[in-house]
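Being a predicted model, the structure only gives us computed values, none of them experimental. Throughout, residue positions are numbered sequentially from 1 according to the sequence presented.
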Amino acid sequence: MASAKEWVDQSVQFFKEVWIELKKVHFPSWKETRAATVVVVVVVLVFAVFLGMVDFMLSHVIQRLLAPRLS
């Protein structure tokens, strides 16, 4: 089992490596973040409308098919 000093040394080394890797990360600008958000919202709305229309049409077709049999 590792001693306390080894554990501290390994932890310090780990955080040094984490800091080096974080320096390499490209964080998007506000403009890039806003553009990506707009794309996501538009795509979600398009899919929501599409799925809503499909749901409406299928439920309408099923009601017409089943309605004569129910009466």
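H26 contributes atom NE2, which lies 4.5 Å from atom CD of E32 (distance to the nearest 0.5 angstrom).
Side-chain contact between V25 and F27 is present, with at least one heavy-atom pair separated by less than 4.5 Å.
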Mind listing the side-chain donor-acceptor pairs of residues 45-62 below 3.5 Å, one per line with the distance, residues two or more places apart or on another chain?
unit_1: S59; atom_1: OG; unit_2: D55; atom_2: O; d: 3.1
unit_1: S59; atom_1: OG; unit_2: F56; atom_2: O; d: 2.9
unit_1: H60; atom_1: NE2; unit_2: R64; atom_2: NE; d: 3.3

For residues 14-22, please give each side-chain donor-acceptor pair under 3.5 Å, one per line with the distance, not counting sequence neighbours.
unit_1: E17; atom_1: OE2; unit_2: Q13; atom_2: NE2; d: 3.0
unit_1: E21; atom_1: OE2; unit_2: K24; atom_2: NZ; d: 3.3

